Each structure stands twice: as C-alpha cells, then as structure tokens.
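The block underneath contains the structure these notes are about, expressed in structure tokens.
Not measured: the values here are computed from a predicted model. Just so you know, residue 1 is the first one in the sequence shown, and it goes up from there.
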Amino acid sequence: MQGPDDLLLGDPLGLRPAGRADRVRARVSGASLDATLAVGVPPEATRLLATRARDIVTLPRRQALARDWEHLLRVAQGGKPGQVRRIQASQIAAAGPVISELAERLATPLPVGARGVAMATVLLTDATGPVYNGRSRETLTTALETAIEQLDPAQPVFT
C-alpha cells in the first residue's frame, strides 16, 4: 500500500499531484522546506518538497524574490541608518554586481532549478547567514555565486 509521499512511476517528479492541503502545508513549512531544498535534497524526495519546489520556481514568485534582493541592495547602498545596522551593508554593497546577476537570473522567464531559488531565499531570510551576520562562515559573494550556478537554465529544473 502506498503512503502519501511514496513515489509513482511515470511522473517527472515521481509523485502524486499535490492537493490544496499539501499546498497549504508546503507554504506554512516554507522556511524549513526551502532549507532542505537549498542543501540539495531533491524535490521529488517527498510530495511536500515537490509541492514547495513547484511553488517557488513559478515566475511571479521568482520575480518577487528578485525585487527583494534589489531592494536589499538599494538599502545597503543608501538606506536609513536604522535599516543598515541590521544588515551587513558594506558586504552587500560590495556584492552589488553579483546580486544584480542573481536578480536577473531569478527574473528570467526561462525555467530555473528549485535548489537555486531555495538557496537565494534562504540567503535572504537566514539571520545567521552573511546578509545579516558578519561572522557567517561563508562570504556573501561566494554564497550568491553558488546560488547563481544553481539558477543556470541549462541545469535541470528538478533533479
């Protein structure tokens, strides 16, 4: 007997289509699912991951994420002092060209990989990451470049 997360043959994602309840669960659990996708767990590993991956790779979601990165860059380059204290403004401003490339890749109408979108999302929202934490183990530029590699339209959208 198959469970709700069992793989099915023939489906490119290998999973049964998501229902409304799965979409709600995937949205509520978005941060943890994004973190799981960002470290390389394939979307087809579970129906919930596949549901989240389908959601985050849509063009409107990616364009919104691109705008968020562009806004962060504008704030870092000339935001109000209170805003700038909460972020690593000098590192963000220095990574401006890489952030612009990331935003361009996110906003492209071509299909992109779920892992890259998840990486860009986690980078933007993780308080322990290089956007907010000056003591982060990775540099912002390196993390952005890794996400950009995963957003290459030549990469498979789903693994």
When rounded to the nearest 0.5 Å, the distance separating CD of Q88 from CG of N133 is 7.0 Å

Interatomic spacing from CD1 in I87 to CG in L72 - rounded to 0.5 Å:
5.0 Å

Shared hydrophobic cluster for L123 and M119 (ILVMFWY, side-chain gaps under 4.5 Å):
no

Write down the atom of [X], the atom of [Y], and the distance for their closest heavy-atom approach.
X: A94; Y: P97; value: O-CD, 3.9 Å
X: A38; Y: V122; value: CB-CG2, 4.1 Å
X: V117; Y: L151; value: N-CD2, 3.6 Å
X: P130; Y: A143; value: CG-CB, 4.5 Å
X: A93; Y: Q77; value: CB-CG, 4.2 Å
X: L73; Y: S100; value: CD2-OG, 4.1 Å

Close side-chain approach of V131 and I92, heavy atoms under 4.5 Å
yes

Mind checking whether P43 and L37 have side chains closer than 4.5 Å, heavy atoms only?
yes

Provide the full list of salt bridge (Lys or Arg N to Asp or Glu O under 4.0 Å) pairs with a residue in [range], sequence neighbours left out, each pair given once.
range: residues 98-114; result: E101-R105
range: residues 31-42; result: D34-R52
range: residues 89-99; result: none

Please list, chain by chain and in numerical order, all residues satisfying side chain to side chain donor-acceptor pair (under 3.5 Å) with [X], sequence neighbours excluded.
X: D55; value: R27, R61
X: R62; value: none
X: T142; value: T139

Once salt bridge (Lys or Arg N to Asp or Glu O under 4.0 Å) is applied, do any residues pair with E145, and if so which ones, sequence neighbours excluded?
none

Under the side-chain contact (heavy atoms from CB on, under 4.5 Å) criterion, do H71 and V75 qualify, and how do the steps go?
CA-CA 6 Å; H71 175 75; V75 168; 3.5 Å; yes

Donor-acceptor pair, distance only, cut-off 3.5 Å: does the side chain of W69 make one with the backbone of A120?
yes

Taking only residues two or more places apart in sequence, or in another chain, which ones meet [X] in a side-chain contact (heavy atoms from CB on, under 4.5 Å)?
X: L110; value: T108, P153
X: A103; value: A66, E70
X: Q63; value: L59, R67, A107
X: A95; value: I99, L140, T141, L144

Filter on side chain to side chain donor-acceptor pair (under 3.5 Å), then keep only pairs touching residues 119-132, sequence neighbours left out; what's left?
D126-T128

